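The sequence lines fix the lettering, A, B, ..., with proteins before strands; numbering per chain opens at 1. Quick note: numbers below take in every heavy atom, side chains included, and nothing from hydrogens, waters or symmetry partners. Just so it is clear, the model here is predicted, and its values are computed rather than measured.
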There are 2 protein chains.
Amino acid sequence: MDKKILNKFKAVLKKEQLKLTKQRHAVLANMIKSKGHRECDEIYDQLKSNGENVSRATVYRTVAILEKYGFLRKLELGDGRARYEYKLGLDHHDHMVCIECGQIIEFVNSEIELLQDKICIDMNFKLVRHIHQLFGVCEICQN
Amino acid sequence: MDKKILNKFKAVLKKEQLKLTKQRHAVLANMIKSKGHRECDEIYDQLKSNGENVSRATVYRTVAILEKYGFLRKLELGDGRARYEYKLGLDHHDHMVCIECGQIIEFVNSEIELLQDKICIDMNFKLVRHIHQLFGVCEICQN
DNA sequence: TTTAGTATTGAGAATTAATCTCAATAAAAT
DNA sequence: ATTTTATTGAGATTAATTCTCAATACTAAA
Ligand SMILES: [Mn+2]
Ligand SMILES: [Mn+2]
Ligand SMILES: [Zn+2]
Ligand SMILES: [Zn+2]
């Protein structure tokens, strides 16, 4: 794992009086390697098939820590299963979701981000995070 | 209940070979009357306290129909409980959610809506619906 | 490197919003 | 009024997530 990321993880853990365990390392390493939008069970299964056994409970506990400290972002797409994507150091983006095939397409629009900030300033709302998801039918599914 | 709304509801039900029952009427009437962002259990409790007993199962089943046909909009704010708001004939808006007190503030920004449409056109994505939620600290909770 | 102190893990139980089941009932059609 | 068809409700079920707690693994001090 990249030394910078690992050091940040160690710093976070120390600050929170948490210990660096094989399991926590394995979850983070796995998320860095496969950069999709992933359900906890997927992570669990993939770790298991790599021979790195981490319990489901620990996967859930670890992604929660990683989200809290900005390593991961949690997505809720309305199907009752949370997805996580690696985000540390990457540019912000939002998501389009195909309601036919489930495909997730990423998009960025800095104008929207600016307008969003302006709304919050105008309304004296301190923005922490946002969700902007577009649901519709992707190019492939239209044919 | 407003005759236009009731007629539209009747038309929808007929089209779908569903029957107009006391319970379905009660749920719709209740949603029209109290225009908040409401959990199913709230609707259930309020109906019960009005003496109009509708089972939880029927509340869930009815809001699903009402959402499908545009009477209601479903909100998922990330706490695992869906909220519904009445929307038929009302202007579109999105939501800011205070992470301290849970307050839901509505906002509208037509520029963002236009940019959103443009993104979808450019990417050949047929937009059906969207979620734009801003999470942060409201004016009151900042003091 | 031992030891003491503290945090973590995993297996399965618990939780909880939402959905399902199906016999009894109510609405619509004839 | 009778038949047909859909609906309801009570409680069981589902499924993602969280919790429990005894056994185990880190960490730092001696
Ligand atoms: Mn993404
Ligand atoms: Mn609203
Ligand atoms: Zn698609
Ligand atoms: Zn607030």
Side-chain angles (χ1 to χ4, degrees), chain A residues 6-7 9-30 37-48 50-69 72 74-84 102, chain B residues 6-7 9-30 37-69 72-84 102:
Chain A
L6 184 56
N7 283 338
F9 190 36
K10 282 180 179 170
V12 156
L13 291 172
K14 176 157 274 179
K15 184 181 147 210
E16 283 283 292
Q17 294 177 288
L18 300 173
K19 290 169 180 174
L20 178 57
T21 62
K22 276 194 245 318
Q23 291 89 339
R24 284 174 178 158
H25 188 280
V27 171
L28 176 53
N30 187 281
H37 304 93
R38 314 179 59 220
E39 302 175 21
C40 285
D41 249 36
E42 269 176 55
I43 301 168
Y44 169 78
D45 287 339
Q46 197 178 331
L47 286 169
K48 181 136 73 179
N50 284 4
E52 309 171 284
N53 278 35
V54 178
S55 71
R56 225 179 291 267
T58 295
V59 171
Y60 276 101
R61 287 187 284 232
T62 304
V63 294
I65 297 167
L66 292 172
E67 188 207 357
K68 179 172 177 188
Y69 287 96
L72 303 184
K74 183 180 190 174
L75 303 182
E76 321 239 28
L77 304 180
D79 61 359
R81 269 163 289 137
R83 321 282 164 112
Y84 289 86
Chain B
L6 183 57
N7 282 337
F9 190 36
K10 282 181 178 170
V12 156
L13 292 172
K14 176 156 274 179
K15 184 182 148 210
E16 284 283 292
Q17 293 176 288
L18 301 173
K19 291 169 178 173
L20 178 58
T21 63
K22 277 193 241 325
Q23 291 89 340
R24 284 175 178 158
H25 188 280
V27 171
L28 176 53
N30 187 282
H37 304 93
R38 316 178 59 219
E39 302 174 22
C40 284
D41 249 36
E42 269 175 54
I43 302 168
Y44 169 79
D45 288 339
Q46 197 179 329
L47 286 170
K48 182 137 73 179
S49 75
N50 284 3
E52 308 172 284
N53 279 37
V54 178
S55 71
R56 227 178 291 267
T58 295
V59 171
Y60 276 103
R61 287 187 284 230
T62 304
V63 294
I65 297 167
L66 291 171
E67 188 208 358
K68 179 172 177 190
Y69 286 96
L72 305 183
R73 180 178 180 197
K74 183 180 190 173
L75 303 181
E76 320 239 25
L77 304 179
D79 61 0
R81 270 163 290 135
R83 322 282 165 112
Y84 290 86

**Prompt:** About how many Å separate NZ of B/Lys48 and CG of B/Asp41, when rounded to the nearest 0.5 Å?
**Reply:** 9.5 Å

**Request:** Using heavy atoms to find the nearest nucleotide of DNA chain C for B/Leu20 and B/Gly80 separately, return the residue whose nucleotide is more 5′.
**Result:** B/Gly80

**Message:** Whole angstroms only, please: what is the CD-C1' distance between B/Glu76 and C/dA17?
**Reply:** 11 Å

**Prompt:** Choosing from C/dG10, C/dA18, D/dA10, which nucleotide comes nearest the side chain of B/Ala82?
**Reply:** C/dA18

**Message:** What is the separation between atom CD1 on B/Ile43 and atom P on C/dA18, rounded to the nearest whole Å?
**Reply:** 10 Å

**Complete:** When rounded to whole Å, the CD to C1' distance for the pair B/Glu67 and C/dA18 reads 14 Å

**Request:** Look at the side-chain N and O atoms of B/Gln23 and state whether any lies under 4.0 Å from the OP1 or OP2 oxygen of D/dG9.
**Result:** yes

**Distance in angstrom units between B/Ile65 CD1 and D/dA6 C1', rounded** = 11 Å

**Message:** Output the rounded distance in Å from CG (B/Asp79) to P (C/dA17).
**Reply:** 9 Å

**Asked** Quick one: B/Tyr44 OH to C/dT19 C1', roughly how many Å, whole number?
**Response** 16 Å

**Request:** Give a yes or no on whether a salt bridge exists between B/Glu39 and B/Arg81, defined as a side-chain N under 4.0 angstrom from a carboxylate O.
**Result:** yes

**Request:** Please determine if a side-chain N or O atom of A/Thr21 lies less than 4.0 Å away from the OP1 or OP2 oxygen of C/dT9.
**Result:** yes

**Request:** Assign A/Asp41 to base, sugar-phosphate, or nothing according to its heavy-atom contacts below 4.0 angstrom with the strands shown.
**Result:** nothing

**Request:** Assign A/Gln17 to base, sugar-phosphate, or nothing according to its heavy-atom contacts below 4.0 angstrom with the strands shown.
**Result:** sugar-phosphate

**Complete:** To the nearest angstrom, the CG-P distance between A/Asp45 and D/dA16 comes to 12 Å

**Request:** Check B/Tyr84 against B/Glu67 and note the closest heavy-atom contact, atom names and distance.
**Result:** CE2-CB, 4.3 Å

**Prompt:** Side-chain N or O of A/Arg61 less than 4.0 angstrom from OP1 or OP2 on D/dC19?
**Reply:** no

**Request:** Kindly say if B/Lys22 contacts the phosphate of D/dT8, meaning a side-chain N or O under 4.0 Å from OP1 or OP2.
**Result:** no

**Fill in**
Residues A/His25 and A/Phe9: closest non-hydrogen pair is N-CE2, 4.4 Å

**Asked** Counting just side-chain N and O atoms, does B/Lys19 come under 4.0 Å of either OP1 or OP2 of C/dA29?
**Response** no

**Prompt:** Expressed in angstrom and rounded to an integer, what is the separation of B/Leu18 atom CG from D/dT8 atom C1'?
**Reply:** 13 Å

**B/Gln23 versus B/Asn53, closest heavy-atom pair with distance** = CG-O, 4.5 Å

**A/Lys14 side-chain N/O to D/dA28 phosphate OP1/OP2 under 4.0 Å** = yes

**Prompt:** When you check the phosphate oxygens OP1 and OP2 of C/dA18, does a side-chain N or O of B/Tyr60 lie under 4.0 Å from one of them?
**Reply:** yes

**Message:** Is the phosphate of D/dA15 approached by A/Arg81 (side-chain N or O, under 4.0 Å from OP1 or OP2)?
**Reply:** no

**Message:** The side chain of A/Arg24 is closest to which nucleotide in this list: C/dG10, D/dT7, C/dT9?
**Reply:** C/dT9

**Asked** Rounded to the nearest 0.5 Å, how far apart are OG1 of B/Thr62 and CG of B/Asn30?
**Response** 11.5 Å

**Asked** Has B/Arg56 got a side-chain N or O lying under 4.0 Å from the OP1 or OP2 atom of D/dG9?
**Response** no

